[in-house]
S.K.: 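The structure that follows is given in the form of structure tokens.
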Amino acid sequence: MKNINLVFTKSMTFNLFFKEIAKELSKDFKIKVWCTDTEYIDDSFNKQQILLPTNWIKLLNPFKFIKYVAMIRKFIKNSHNEIFILNTPLASHFFRIASINIPITKIYFVHGFRFNSKEKKIVYFFHLFIEYVLSFITDKYIVINNEDENIIKKKFKKRFLKINGVGVNSKINNVITNRKKNEKINIGVLSAYRKNKGYEDIIKISSLLKNINFNCYGYDNFEKYQKKIKKLSLKNIKLNKFDPTLKFKQKKYNLLLHLSKREGLCVSIIESLKQGIPVIAYDIRGVNDIVINGYNGYLFEFNQIDQIADKIMQLNDDINLYNQLQLNCLNTIDDTFSHKYLSIKIKNFLL
């Protein structure tokens with residue numbers, strides 16, 4: 001039985017996005033999970049705690065950079081001929097550098113390259129250059145959206161697997177509940193409280209639609225956004241802590257607003273569509289793979305605040321249009337997005 005090592009910067013990525021796939025893979029492989037905070041990993045998994053910088057700023061010190069690489073290299077020297085599936089940019093970058101000339105197989109599971117077509121050119125080429133150099137010490141890639149697939153094909157020319165994201169829970173209810181004619185639409189936002197997730201724009205939209213409720217759920221600190229909401233005296237937008245059970249509570253929201261400016265293939269969008277919940281989002285990589293404009297939601301360019309607000313009001317007022325979008329959503333997500341299907345694809349790719 002082959003040894004498969006799953007590498008993450010933090011346990012949260014594993015627990016949120018890879019745990020179910022790991023359970024399926026464990027039927028055919030010996031799985032070990034590597035991350036900085038293994039205390040949050042289920043004890044049913046074999047674990048290896050590693051030391052990694054938690055952000056890129058710490059790497060400005062060259063001595064710390066060398067220290068981290070040396071420590072990781074020490075960990076993997078005893079892993080000859082094993083397979084490492086690398087997740088998250090920080091962990092994947094360090095492991096590839098640290099493993100130079102050590103006979104292991106390195107597979108980068110890309111949850112979305114740091115560079116994308118909507119990024120500023122200087123940022124795009126900076127991160128593209130880094131990944132291009134690292135591609136020479138990468139054996140294979142796993143990608144989850146069309147744009148990243150084309151990057152691998154045209155620029156890196158490496159063996160790769162393209163799959164539909166990181167999996168959706170099969171227990172999620174896909175029986176829609178139609179809104180009543182005079183029932184106001186309820187907006188859901190499921191994103192980490194970070195600038196690139198579009199919260200500044202979400203707050204602007206909520207200020208234009210004070211008769212519509214916005215319920216936001218995410219991890220990280222939302223204090224700075226809460227202060228802005230208070231300053232604007234907004235009563236219709238609520239910031240909540242991350243709720244891992246929200247995917248099973250369809251009635252919490254009936255329209256997903258997702259204004260992130262960088263994604264791989266967003267889990268919250270997939271789960272919403274599976275439940276018949278239309279999506280309004282920015283037209284970016286990964287999102288435009290599954291959100292079809294006018295069919296199961298609507299796509300907008302960055303900063304089209306007024307147009308987004310108008311579309312929300314249209315869906316609030318036109319119940320027939322909204323109900324048709326719901327039905328279309330149910331036809332978008334099929335079994336190729338399930339954990340079981342994806343794990344079979346990954347298993348065959350590893351054999």
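As the structure is a computational prediction, the values presented were derived from the model and not from experiment. For the single chain, residues carry numbers from 1 onward in sequence order.
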S.K.: State plainly whether the residues Lys347 and Glu24 are in salt-bridge range, i.e. N to O under 4.0 Å.
M.R.: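 Judged by the 4.0 Å cut-off on N to carboxylate O distance, Lys347 and Glu24 do not form a salt bridge.
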S.K.: Ignoring hydrogens and geometry, is there a side-chain-to-backbone donor-acceptor pair from Asp283 to Phe300 under 3.5 Å?
M.R.: no
S.K.: Does the plane of the ring in Tyr193 sit parallel, tilted or perpendicular to the ring in Tyr225? Use 30° and 60° as the thresholds.
M.R.: tilted
S.K.: Would you confirm whether Ser338, through its side chain, and Tyr341, through its main-chain N or O, come within 3.5 Å as a donor-acceptor pair?
M.R.: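 Yes, the answer is positive, given that a donor and an acceptor are paired below the 3.5 Å cut-off.
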S.K.: Under 4.0 Å between a Lys/Arg side-chain N and an Asp/Glu carboxylate O for Lys47 and Asp43?
M.R.: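 So Lys47 pairs with Asp43 through a salt bridge.
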S.K.: Does NZ or CZ of Lys106 come closer than 6.0 Å to the centre of the six-membered ring of Phe95, within 45° of the ring's axis?
M.R.: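 Cation-pi check for Lys106 and Phe95: fails.
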S.K.: Quick check: closest heavy atoms across Lys241 and Tyr217, and the distance to 0.1 Å?
M.R.: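 Between these two residues, the closest heavy atoms are O-CD2, 3.7 Å.
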S.K.: To the nearest 0.5 Å, tell me how far Gln304 CD sits from Leu259 CG.
M.R.: 11.0 Å
S.K.: Do Arg262 and Arg285 touch side chain to side chain, with heavy atoms closer than 4.5 Å?
M.R.: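 Counting from C-beta outward, Arg262 and Arg285 do come under 4.5 Å.
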S.K.: Within the supplied structure, the quantity of interest is the number of heavy atoms (other residues, nucleotides, ligands) at a distance under 6.0 Å from Tyr295 OH; does it exceed 12?
M.R.: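 Above 12, so yes.
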S.K.: Quick one: do Val168 and Val267 satisfy side chain to side chain contact (heavy atoms under 4.5 Å, CB included)? Show the steps, please.
M.R.: CA-CA 7 Å; Val168 62; Val267 173; over 6 Å; no
S.K.: Ignoring hydrogens and geometry beyond distance, is a side-chain donor-acceptor pair present between Thr332 and Asn296 at under 3.5 Å?
M.R.: yes
S.K.: Given the rule that I, L, V, M, F, W and Y join up when any side-chain heavy atoms are under 4.5 Å apart, are Leu299 and Val279 in one cluster?
M.R.: yes
S.K.: Ile83 and Phe29: side chain to side chain contact (heavy atoms under 4.5 Å, CB included), yes or no, with the steps?
M.R.: CA-CA 10 Å; Ile83 297 174; Phe29 304 99; 5.7 Å; no
S.K.: Determine, step by step, whether His127 and Glu119 satisfy the side-chain hydrogen bond (donor to acceptor under 3.5 Å, both in side chains) criterion, reporting the C-alpha distance in whole Å, the side-chain angles of both residues, the deciding distance to 0.1 Å, and the verdict.
M.R.: CA-CA 10 Å; His127 288 291; Glu119 190 60 87; over 6 Å; no
S.K.: Go through the steps to decide whether Tyr298 and Ile312 satisfy the test side chain to side chain contact (heavy atoms under 4.5 Å, CB included), and finish with yes or no.
M.R.: CA-CA 10 Å; Tyr298 294 92; Ile312 291 173; over 6 Å; no
S.K.: Is there a path of hydrophobic side-chain contacts, each under 4.5 Å between heavy atoms of I/L/V/M/F/W/Y residues, joining Leu257 to Leu321?
M.R.: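 Leu321 clusters together with Leu257.
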S.K.: Rounded to the nearest 0.5 Å, what's the gap from OG on Ser135 to CD1 on Ile130? Could you check?
M.R.: 12.5 Å
S.K.: Can you confirm whether the side chains of Thr88 and Thr9 place a donor and an acceptor under 3.5 Å from each other?
M.R.: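 Yes, side-chain donor-acceptor contact under 3.5 Å.
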S.K.: With no hydrogens and no angle check, just 3.5 Å: does a side-chain donor-acceptor pair link Asp148 and Tyr141?
M.R.: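 Per modelled atom types, Asp148 and Tyr141 side chains form no pair under 3.5 Å.
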S.K.: Does the pair Phe160 and Val110 meet the rule for a side chain to side chain contact (heavy atoms under 4.5 Å, CB included), with working shown?
M.R.: CA-CA 10 Å; Phe160 71 93; Val110 186; over 6 Å; no
S.K.: Just checking, any donor-acceptor pair under 3.5 angstrom between side chains of Asn320 and Gln324?
M.R.: no
S.K.: Linking I/L/V/M/F/W/Y whenever any side-chain heavy atoms sit under 4.5 Å apart, do Phe125 and Ile152 land together?
M.R.: yes
S.K.: Do Lys118 and Phe302 form a cation-pi contact, if we require the NZ or CZ to be under 6.0 Å from the six-membered ring centre and within 45 degrees of the ring's axis?
M.R.: yes
S.K.: Mind listing the closest non-hydrogen atom pair of Ile137 and Ile97 along with its distance?
M.R.: CD1-N, 4.0 Å
S.K.: Rounded at 0.5 Å granularity, tell me how far CG in Leu190 sits from OH in Tyr253.
M.R.: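 Atom-to-atom, Leu190:CG and Tyr253:OH are 5.0 Å apart.
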S.K.: Which heavy atom in Lys204 sits nearest to a heavy atom in Ile305, and how many Å separate them?
M.R.: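 Nearest pair, atom of Lys204 first, then Ile305: CB-CG2, 4.1 Å.
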S.K.: Quick one: pull up CG in Asp334 and CG in Asn164 and give me the separation to the nearest 0.5 Å.
M.R.: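 Output value for this atom pair is 7.0 Å.
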S.K.: Could you tell me if the ring centre of Phe65 sits under 6.0 Å from that of Phe94?
M.R.: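 They qualify: ring centres under 6.0 Å apart.
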S.K.: Give a yes or no on whether the backbone of Leu16 and the side-chain of Lys19 come within a donor-acceptor separation of less than 3.5 Å.
M.R.: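 It does not hold such a pair.
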S.K.: Find out whether Ile203 and Ile229 are in side-chain contact, i.e. whether some heavy atom of one side chain is under 4.5 Å from a heavy atom of the other.
M.R.: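 Side-chain contact under 4.5 Å: yes.
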S.K.: Using the ring centroid of each side chain, check whether Phe222 and Tyr199 are separated by less than 6.0 Å.
M.R.: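 Ring-ring flag for Phe222/Tyr199: false, centres at least 6.0 Å apart.
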S.K.: Parallel, tilted or perpendicular: which fits the ring planes of Phe115 and Phe113, with parallel below 30° and perpendicular above 60°?
M.R.: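 The arrangement is parallel - the two ring planes meet at less than 30°.
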S.K.: Give a yes or no on whether Ile100 atom CD1 has more than 12 heavy-atom contacts from other residues, nucleotides or ligands under 6.0 Å away.
M.R.: yes
S.K.: Considering only heavy atoms from C-beta outward, does the side chain of Asn316 approach that of Met313 to under 4.5 Å?
M.R.: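 Answer yes - side chains close enough.
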S.K.: Do Tyr108 and Leu134 make a side-chain contact, defined as non-hydrogen atoms from C-beta onward lying under 4.5 Å apart?
M.R.: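 Sidechains of Leu134 and Tyr108: no contact.
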S.K.: Between Asp220 (side chain) and Arg194 (backbone), is there a donor-acceptor pair under 3.5 Å?
M.R.: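 No.
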S.K.: Give, for atom CG of Asp310 and atom CG of Leu315, the distance between the pair rounded to the nearest 0.5 Å.
M.R.: 11.0 Å
S.K.: Under a single-linkage definition using a 4.5 Å side-chain heavy-atom cutoff for Ile, Leu, Val, Met, Phe, Trp and Tyr, are Ile187 and Leu234 assigned to the same hydrophobic cluster?
M.R.: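 Ile187 clusters together with Leu234.
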S.K.: Nearest heavy-atom pair of Arg73 and Ala98: which atoms, and what distance?
M.R.: NH1-O, 2.6 Å
S.K.: If you measure from CZ on Phe8 to CH2 on Trp34, what distance do you get to the nearest 0.5 Å?
M.R.: 13.0 Å
S.K.: Between Leu209 and Asn236, what is the shortest heavy-atom contact and its length?
M.R.: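 It is O-ND2, 2.9 Å.
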S.K.: Taking C-beta and beyond as the side chain, do Lys23 and Glu20 meet within less than 4.5 Å on heavy atoms?
M.R.: yes
S.K.: Hey, does Lys162 have a side-chain heavy atom less than 4.5 Å from the side chain of Asn146?
M.R.: yes
S.K.: Do Glu82 and Lys32 have side-chain heavy atoms sitting under 4.5 Å apart?
M.R.: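 No, their side chains stay 4.5 Å or more apart.
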S.K.: Is the NZ or CZ atom of Lys140 positioned over Phe349's six-membered ring, under 6.0 angstrom from the centre and within 45° of the axis?
M.R.: yes
S.K.: Is the closest side-chain donor-acceptor distance between Asn186 and Asn213 under 3.5 Å?
M.R.: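 Judged by distance alone, the side chains do not pair up.
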S.K.: Find out whether Ile107 and Leu350 are in side-chain contact, i.e. whether some heavy atom of one side chain is under 4.5 Å from a heavy atom of the other.
M.R.: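 The answer is yes; the side chains approach within 4.5 Å.
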S.K.: With a 3.5 Å distance limit and no angle check, can you tell me whether Gln275 reaches the backbone of Glu271 through a side-chain donor-acceptor pair?
M.R.: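 At least one qualifying donor-acceptor pair exists.
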S.K.: Considering non-hydrogen atoms only, spot the tightest contact between Glu223 and Asn221 and give its length.
M.R.: N-OD1, 2.8 Å
S.K.: Should the heavy atoms of other residues, nucleotides or ligands under 6.0 Å from NZ of Lys158 be counted, would the total exceed 12?
M.R.: yes
S.K.: Could you state whether Tyr68 and Ile66 fall into the same hydrophobic cluster, counting links through intermediate Ile, Leu, Val, Met, Phe, Trp or Tyr residues with side-chain heavy atoms under 4.5 angstrom apart?
M.R.: no
S.K.: For salt bridge (charged side-chain N to carboxylate O under 4.0 Å, His left out), just list the numbers for Glu131 and Lys155, CA-CA rounded to whole Å, side-chain angles, deciding distance to a tenth of an Å, and then say yes or no.
M.R.: CA-CA 10 Å; Glu131 188 56 44; Lys155 299 187 183 299; over 6 Å; no
